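Residue numbers begin at 1 in each chain, while the letters A, B, ... track the order of the sequences. Please read all numbers here as calculations on a predicted model, not as lab measurements.
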2 protein chains.
Amino acid sequence: MTTTTDDLLSIGELSAETGLSAHTLRFYEQENLFLNEVSRDSVGRRVYRRADVLWLHLLTRLRDSGMPLADIARYADLVRAGAGNERQRLDLLREHREKMQAEMARLTASMEAVAQKITLYESALAEGKPEQPWQDDQGDCMVVPPPERSGRQQPPRYTGARQQHG
Amino acid sequence: MTTTTDDLLSIGELSAETGLSAHTLRFYEQENLFLNEVSRDSVGRRVYRRADVLWLHLLTRLRDSGMPLADIARYADLVRAGAGNERQRLDLLREHREKMQAEMARLTASMEAVAQKITLYESALAEGKPEQPWQDDQGDCMVVPPPERSGRQQPPRYTGARQQHG
DNA sequence: CTAGGAGCTCGAGTGGACTCGAAGGCAAGC
DNA sequence: GCTTGCCTTCGAGTCCACTCGAGCTCCTAG
């Protein structure tokens with residue numbers, strides 16, 4: 001019945017509140033991503049607290065902005081260790097922010113190149129030129145080549161809209 | 001010797017020019033991502049043309065902006081089909097651009113939430129408050145909860161700096 | 001003649017973050 | 001009693017874009 005006592009939550013309730021599937025919540029626990037041991041009721045079912053919801057909000061934000069679970073786990077470790085390491089936490093967050101800014105810049109650059117290509121197509125189509133200057137098999141309308149080497153990087157994937165639990 | 005005839009390239013040369021590993025280039029070919037069959041020399045080695053370099057620039061841009069290889073393959077199909085489907089190509093690119101814009105918005109939102117958290121930490125540290133208002137285990141300084149459900153989405157990964165062929 | 005390097009094919013492995021399914025426990029409602 | 005529904009554990013599968021290795025051929029330099 002997923003008892004709705006004010007501040008204790010079943011996994012189903014937490015799932016509903018966070019949008020994370022029950023499977024995912026168990027998985028996160030197993031990966032040590034919670035700030036405290038998840039307690040159990042008399043028959044072994046997980047019992048969560050309000051604070052967990054808040055933490056999962058932060059966690060989700062970090063994930064959504066591209067932080068790997070491993071890094072989030074390290075952050076959680078720091079918090080679990082208690083007061084005194086605030087500077088380290090801050091460093092971790094700052095580092096992440098920088099990576100994200102770089103990532104955004106990369107994305108923006110590629111998007112702009114693509115946008116330029118779109119513009120070329122648009123104007124060519126508008127002027128009714130059916131196939132002259134922008135034949136892709138000549139590649140000649142791709143103006144901006146990608147940045148030099150510096151190691152392959154993995155792009156985001158908007159794999160989007162994966163079904164959540166259901 | 002990877003003969004440097006003006007406009008014909010060995011796989012090694014193409015690799016050098018594009019920053020994609022030879023392995024990756026073979027993989028792309030197998031996935032039908034080239035605009036034309038890659039021809040072979042007398043002993044079966046791949047021979048590329050200048051136009052392939054240009055196309056790979058576009059391909060790389062599309063990848064880097066998050067387009068899945070499957071979609072790129074569809075685009076390549078259109079180009080291969082020759083003139084007459086320009087509108088479809090354009091649609092495909094536009095659709096991609098929209099997805100990317102959405103992705104950027106998502107990223108930006110999460111980044112801002114994290115940035116806010118950083119600010120909170122910073123000011124708390126600056127004022128020398130050692131542990132009062134921003135205890136993570138209370139979750140209470142995470143102001144902006146993530147957006148409502150609407151299906152889980154996969155974030156980018158800045159897995160960055162994968163070694164290229166070497 | 002030998003060594004080295006580039007290329008070939010095929011098939012398997014990797015990593016991250018889930019995602020799913022099987023096999024079972026327990027409580028409430030019909 | 002039986003069904004329904006939520007929960008448990010554990011292990012395996014999925015997806016994507018590579019990435020790697022083995023075992024081979026071929027050419028050139030020394």
Side-chain angles (χ1 to χ4, degrees), chain A residues 1-4 8-16 18-33 38-48 59-60 62-73 151-166, chain B residues 1-4 8-16 18-33 38-48 59-60 62-73 151-166:
Chain A
M1 187 179 236
T2 59
T3 47
T4 312
L8 296 180
L9 306 161
S10 72
I11 198 169
E13 287 166 329
L14 187 58
S15 170
T18 59
L20 300 163
S21 76
H23 269 303
T24 300
L25 290 172
R26 288 187 209 107
F27 170 71
Y28 279 1
E29 179 181 340
Q30 173 184 308
E31 299 289 294
N32 248 289
L33 293 170
V38 178
S39 51
R40 307 301 175 106
D41 69 8
S42 56
V43 291
R45 283 174 307 188
R46 288 166 176 82
V47 177
Y48 300 94
L59 195 162
T60 300
L62 291 172
R63 275 295 301 118
D64 281 3
S65 61
M67 188 183 283
L69 293 190
D71 289 4
I72 301 182
R152 266 330 29 238
Q153 55 254 102
Q154 212 124 317
R157 339 189 197 158
Y158 50 75
T159 328
R162 224 164 254 275
Q163 222 48 248
Q164 62 175 349
H165 59 111
Chain B
M1 190 186 232
T2 60
T3 46
T4 311
L8 297 180
L9 306 160
S10 72
I11 198 168
E13 287 165 330
L14 187 58
S15 171
T18 59
L20 301 163
S21 77
H23 271 303
T24 299
L25 290 171
R26 289 187 209 108
F27 170 71
Y28 279 1
E29 179 180 340
Q30 172 185 309
E31 300 289 293
N32 248 289
L33 293 171
V38 177
S39 52
R40 307 300 177 104
D41 69 7
S42 56
V43 291
R45 282 175 307 189
R46 289 168 177 82
V47 177
Y48 300 94
L59 195 163
T60 301
L62 290 172
R63 273 296 302 118
D64 281 4
S65 61
M67 187 183 283
L69 293 191
D71 290 4
I72 301 183
R152 256 356 1 255
Q153 55 253 104
Q154 213 124 316
R157 340 187 196 160
Y158 50 74
T159 330
R162 224 163 254 275
Q163 221 47 247
Q164 64 173 348
H165 58 110

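- C:dC8 atom C1' lies 11 Å from atom OH of B:Y48, rounded to whole Å.
- When side chains are defined from C-beta on, B:H23 does not count as touching B:F27, because their heavy atoms never get closer than 4.5 Å.
- Nearest approach of A:Y28 to A:L59, heavy atoms of both residues: CE2-CD2, 3.7 Å.
- B:R46 comes within 4.0 angstrom of the backbone, heavy atoms only, and of no base.
- Residue A:Y28 places its side chain closer to C:dC18 than to any other of D:dT19, C:dC18, C:dT19.
- Taking every side-chain heavy atom of A:L69 into account, C:dA17 is the closest of C:dT9, C:dA17, D:dC26.
- Comparing D:dT9, C:dC18, D:dG21 against the side chain of A:F27 picks out C:dC18 as the nearest.
- Nearest nucleotide to the B:T24 side chain, out of C:dC8, D:dC18, D:dA17: D:dC18.
- Of the candidate nucleotides D:dT8, D:dC26, D:dC18, D:dC26 has the atom lying nearest to any side-chain atom of B:V43.
- Rounded to whole Å, atom P of C:dT9 lies 7 Å from atom CD of B:E29.
- A heavy-atom distance below 4.5 Å is found between the side chains of A:L25 and A:L14.
- For the pair A:H23 NE2 and D:dC7 C1', the interatomic distance rounds to 11 Å; values are reported in whole Å.
- Distance A:Q30 CD to D:dC10 P: 9 Å, rounded to the nearest Å.
- Atom pair A:L62:CG and C:dA17:C1' shows a separation of 15 Å (rounding to whole Å applied).
- Checking C:dT9, D:dC18, D:dT8 against the side-chain heavy atoms of A:R45 singles out D:dT8 as nearest.
- Phosphate contact (OP1/OP2 of D:dT9, side-chain N/O of A:R40, threshold under 4.0 Å): present.
- Distances were taken from every side-chain heavy atom of A:S10 (C-beta onward) to each of D:dA17, C:dC8, D:dC7; the shortest belongs to D:dC7.
- If you measure from atom CD of A:E13 to atom C1' of D:dG5, you get 14 Å, rounded to the nearest angstrom.
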**Test side-chain contact (heavy atoms from CB on, under 4.5 Å) applied to A:R45 and A:R40, step by step** = CA-CA 5 Å; A:R45 283 174 307 188; A:R40 307 301 175 106; over 6 Å; no
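- Summary of the strand contacts: B:A70 and B:R26 both lie near DNA chain D, and taking for each the nucleotide with the nearest heavy atom, the more 5' one is attributed to B:A70.
- Closest to the side chain of A:R63, out of C:dC26, D:dC27, C:dC18, is C:dC18.
- Across all their heavy atoms, A:L20 and A:S15 have their closest contact at O-OG, 2.8 Å.
- In this entry the distance linking CD1 of A:I11 with P of D:dG5 reads 18 Å, nearest Å.
- Rounded to whole angstrom, the span from the CG atom of B:L25 across to the C1' atom of C:dT9 amounts to 16 Å.
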